[in-house]
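What follows is a set of notes on a single structure, which appears directly below.
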Amino acid sequence: MVTHDSGGHHHPPTSFIRKYIFSTDHKVIGLQYYFLALFSVFLGMALSMLMRIHLVWPSAKMPFTPGGQMTPEQYLALMTMHGSIMVFMVLTTAPQSGFGNYALPIQIGAEDMAFPVLNMLSFWTTLLSLIVLVSAFFVNGGAPISGWTAYPPLSALGQIAGPGQGAGQTLWVVGVAIFCIGSLLGALNFITTTVDLRAKGMTLGRMPLTVWAWLVTAILGLLAFGVLLAACLLLLLDRIAGTSFFIPGGLVVTDTPIVSHTGGSPLLWQHLFWFFGHPEVYIAILPGMGVASHVLSTFSRKPVFGYKAMVGALGAIGFLGFCVWGHHMFISGMSPYSAFAFSLLTMTIGVPSAIKTFNWLGTLWGGRIQFTTAMMFGLGFVSLFVTGGLSGLFLAQPSIDLYLHDTYFVVAHFHLIMGVAAIFGIFAATYFWFPKMFGRMLNETIGKVHFWFTFVGVYSIFMPMHFLGLAGHPRRYADTTGVNFLGPLHSVHYFITLAAMITISAQLIFLFNFFYSMKAGQKASENPWNATTLEWSIPSPPPFDNFAGRIPVVYRGPYEFSVPGATDDYIPQHLTPERVGKAH
Amino acid sequence: MPGTITDEIEIIDAGRGGGTNVPAGGDDDGEGSFGSPGIPQRAYFTVIQLGLAGIIMFFMALTSSFLVRKGLGNDWVAFNFPRILWLNTLILLASSITIQIARRHLREDEKAAFKRWWSVTTSLGILFLAGQFIAWRQLARQGVFLVTNPSSSFFYVLTAAHGLHLFGGILALVYVSHRSWRRSRVSQATATDVASIYWHCMDGLWVFLFALLYLGR
Amino acid sequence: MMSSLWLFGAESAWRVDTRRPSTRADHLIRVVAANRPEWRKMRRKSGEQGSAAVAFTLATFLVIFTVVTVYLFLAKIWWFPPAISDFGAQIDAQFHRTLIITGIVFVLAQLGLALAIFRSRDRGQKASFFEGNAVIEFIWTLATVIMFVGLGLYGEHAWAEAHFQGAARGALQLEVTGQQFAWNFRYAGPDGKFGGTKPELVSASSGNPLGLDPRDPASKDDVVSPVAYVPVGQEVELLIKTQDVTHSFYVRELRLKQDAVPGMTIHMHFNATVPGEYELACAELCGLGHYRMRSFVSVVSRDEFDKWMGDQEAALQQQ
Ligand code: HEM
Ligand SMILES: [Cu+2]
Ligand SMILES: [Cu+2]
């Protein structure tokens, strides 16, 4: 036991507040992020439920709609908040800040993040941004209606452009800007920790793929969120100070000329937003890829197929992710020549994605697959990733995008690959690490019920949306009665809504399992999955400083399963060669 | 300026102690860390470099907005460039020199001289901010405000954003000169080095923005 | 008991480790203990039964899912309407090429996953140990590069035709202006010139939705209409504009979509070859009435078009 007299952070805090509220322990912060995301995902799902009901039964009586029926602007407000909450508060927080915070330091053999106080600040900043964002519902005019992409001038002109575009939109911009700051601080911590705090022997080539994924994600976040922050700053000034960064001159809104603005460029916002936005979708999905690789290997009892290729693909996706933002702007009036370049780069990004898929299949092949719930969600992730990824090849081609852009085909595509695949990554991680986090097992039987409802459910919700898109159904339509050709599509909408009701209700099963098992689940041992990485070498739940003062030394790669000659089918990373020998 | 940067990078490389194949240090890497095994001093260098990368992305976004907005709109009007900005630039450049002098004194263990030059740097930083404020006042007196024209909008946004970052630098300088290092996770040497890396970069950033605003106005 | 719960793998209790919580000192012993033959046998046996059922169910679901998806894409129950231009036909061809390639990859990947799941289920076997295969990985990478990038290059042709070339000479000029939440079309009239407009003159209620400047002689003969008429087989050049926020001009049958961006006039062109009335739907979120911001583009014979245009001009003279 190394003794030291450092200031505070190595001694467990004793008061409740320091321990659970203003904690600097990465594990507590990870859980705080997780619960923030859990709250947000249920909020986001509830909003989507209301939207789905409205689309099929437009005159249904709804809660929160004083006049009885839902108005178009209320639909759009729900849509905007659903998208923003899901993207920022769920997909950016749970996989990266939540699980990353919890598991990354342990997996690399560190006592904590490099900067625990900074870590705490990141969380509180993020929570503040959630509060600001959600408060948009409660101001005069309600939440904004301009979607999670907030294209100006709709998002810049204020109340005159529509209900919710006043105070609600301002709160949205401020909330997102605060979120950017929290994410930037988090990214700093993740990268520094991974670069400088690895235990002895934890070389880059021995890092679990989860750690690689968190690292690449943090780099993306570091480079992307600053750009969104700048964009939000300019948009905010357009809104409240009267500048003209994004607002051109000569506009007339409902017969009222806008005289106070000249010369701004709406496309400038789109470039800034998507320069952030495309990396953002990888921020959402890369940690899921890491978790999928990790879980697939563990429960196939086989090393990851092509570890180096997996790391390379992560890097390639991360790098190319910054070169393809224009594929969101084929129809925007951007130069058609740059569309050509963006298109080819986007097709190229399909290659590392295909490599990953192939290597996941290679990992399963010849293994001894154990169908834990975590594994089922990992397998579901692969299936969803394939399905959602392939529709991207249509949208990446500007000529086809001429037809499909901003239709439900896009809604299907991004929900499958970014939304649901990432959610499956989160579920896989939850079922996998729950024993470590709470010292008890999640109930596997309930878990499998949950899996089946969710897997069948999300495909039932989102596959039909492809056909809505092929029929030309534009997205962000509050109602399907305004345009004639949408009439025949009603049955599809009906089916989707039914599927959504069942799937969303089934998430209560998860909620029940989660809290029930936390209290009354079977006690988990140190290493219930016979896994190899460092978090499984310490008690469940881990002590305050993870390794009780003894930092482990790492002797081998992260996925030594079924090594020929070894008696057992897994060799933990921290096991010395001699101890492996004795096990014979 | 480039000279000083190289200087920093060497320090950092030395801190990292070689390629990635060498396992990262465990709980005690004996790099002059003052009593704390928690985190190696090189982490502070890593984080400041990363932080600067993030800050640079932020300013690059504003810079490209500047160029795009200027190129697209036909409403760009040049304003009288406040002359005090030349002086401010000199002040900031001087502060980069004084901070180097201060660091040399620290390395030679001349604490009093270090303190003196460090305070000079801090004062120069404050002077710079005051100068920027005067530049704003001058523009305002000419009737050039944030909303007057895209050129002035960008001028105010860029100078304000830079000023805010430099203000952070000043806080760091004050912090470094006023705290006690005895029970600290970060050593004084590291803290001064990290603060000065940041300071030099804010200085360099200003020179870049100055050129952008001057040439692009 | 097994029979009712096998689907959900209730037997998976094999993993649950109920040994006493222990100190790290006896970790070594534990690793050795876990290797005791009876432990392994127990795990394998239970794993064997559960695995087969779950693997079978999951694999079967993937197969059914694949078959249904392929069926729905072949059945084309919900599909795009027939294209009404050569350009649309090109896009459809590229769409089908893409559909075939992605379809093959989709089927192979999903069935491959199903097969891997079923074949490699836990039957008590020892997992084979391999960490990769450079040759296979190289071939796979190369194949996808060629396939994806080749597909992309192939599809650029249609895009280039729509965007790199301007409209043919003598094209009919048709200005499209979006506003919350309506479309207006303007024809230049006999003088072939669009008259000037002024923002302060815009007044939808008093019949001047585009703000035509009556003092500009060129505006006198400009025909403004909430629906569009175009002659069949005639090249049309669109000048796409908006008065307020971003909208998007989208006619499914033309396979054409273009955002109307504030401050810009964007040119597109098409040549419709099949007469009919086609619905135009706004495809860019523009506010609360986005869902009902539609209009019609009627493709009519030359005679009908001339007649319609004549009526419009006559109506203008009356004012
Ligand atoms: C419970 C399952 C979900 C359902 C039923 C659902 C439903 C919907 C619906 C109906 C829309 C509006 C489509 C439109 O009007 O154009 C939408 C939009 C959206 N959803 Fe979901 N969603 C679900 C889960 C998710 C998840 C997990 C994410 C995370 C990425 C997500 C992200 C988004 C985004 C980003 C939008 C776009 C909002 C916009 O257009 O600005 N959704 N969703
Ligand atoms: Cu993208
Ligand atoms: Cu619209």
Side-chain angles (χ1 to χ4, degrees), chain A residues 2 4-7 9-10 108-112 114-115 118 184 187-189 191-193 195-205 222-231 233-234 237 241-245 248-249 260 262-265 267-268 271-272 275-276 549-554, chain B residues 15-16 19-29 33-51 53-66 68-69 71-76 145-150 152-154 156-157 160-161 183-185:
Chain A
V2 183
H4 46 73
D5 60 350
S6 59
H9 125 262
H10 294 284
I108 62 172
E111 294 179 351
D112 203 327
F115 305 103
L118 187 70
L184 283 169
L188 292 179
N189 231 334
I191 307 173
T192 310
T193 306
V195 169
D196 286 330
L197 260 57
R198 278 171 286 131
K200 256 198 190 62
M202 180 55 82
T203 58
L204 291 179
L222 181 67
L223 300 178
F225 275 109
V227 176
L228 182 62
L229 182 58
L233 176 66
L234 299 184
L237 289 174
T243 53
S244 304
F245 294 109
S260 48
T262 57
S265 163
L267 288 192
L268 175 57
H271 279 292
L272 293 173
F275 184 87
F276 148 81
R550 297 163 139 216
I551 297 296
V553 178
V554 172
Chain B
R16 264 212 196 105
T20 48
N21 282 343
V22 176
D27 48 0
D28 199 345
D29 66 348
S33 51
F34 281 47
S36 165
I39 134 172
Q41 296 295 302
R42 65 173 182 276
Y44 294 97
F45 292 95
T46 311
V47 80
I48 196 66
Q49 287 175 314
L50 294 170
I55 290 172
I56 284 170
M57 285 307 288
F58 173 79
F59 279 97
M60 282 307 117
L62 291 179
T63 303
S64 35
S65 304
F66 179 99
V68 168
R69 182 65 180 81
L72 284 184
N74 48 6
D75 55 343
W76 194 275
F145 299 100
L146 175 67
V147 297
T148 307
N149 190 262
S152 65
S153 302
F154 274 107
Y156 281 101
V157 167
R183 291 169 59 83
S184 148
R185 298 205 314 159

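Treat the numbers as computed from the prediction; the structure is a model and nothing was measured. Just so we're on the same page: letters track the sequence lines, and every chain starts at 1.
Of the atoms belonging to A:L234, it is side-chain heavy atoms, and not backbone ones, that fall under 4.5 Å from chain B. A:L272 touches chain B through its side chain: at least one heavy atom from C-beta onward sits under 4.5 Å away, while N, CA, C and O do not. Residue B:V47 touches chain A through both its backbone and its side chain, counting heavy-atom pairs closer than 4.5 Å. Using a 4.5 Å cut-off between heavy atoms, B:L146 contacts chain A through both its backbone and its side chain. Only the side chain of A:L233 comes within less than 4.5 Å of a heavy atom in chain B; its backbone stays farther off. Proximity to chain B is absent for every atom of A:L267, based on heavy atoms less than 4.5 angstrom apart.
The two residues A:L188 and B:G51 have their closest heavy-atom pair at CD2-N, 3.3 Å. Minimum heavy-atom separation, A:L223 to B:M57: O-CE, 3.3 Å. Closest of all the heavy-atom pairs between B:I39 and A:A114 is CD1-O, 3.4 Å.
Take B:F58 and apply the ring pair (Phe, Tyr, Trp, His ring centres under 6.0 Å) test, not counting sequence neighbours, and it matches no residue. Every residue meeting the ring pair (Phe, Tyr, Trp, His ring centres under 6.0 Å) condition with A:F225, not counting sequence neighbours, appears here in chain and number order: A:F179, A:F276.
When the candidates B:A53, B:S152, B:S153 are compared by the number of heavy-atom contacts under 4.5 Å with chain A, B:S153 comes out ahead. Note on B:L62, B:N74, B:N149, B:L72: by heavy-atom pairs under 4.5 Å with chain A, the leading option is B:L62.
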What's the verdict on side chain to side chain contact (heavy atoms under 4.5 Å, CB included) for A:T243 and B:Y156, showing C-alpha distance, side-chain angles and the deciding distance? CA-CA 11 Å; A:T243 53; B:Y156 281 101; over 6 Å; no
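The CG atom of B:L50 sits 5.0 Å away from atom OG1 of A:T192, with the distance rounded to the nearest 0.5 Å.
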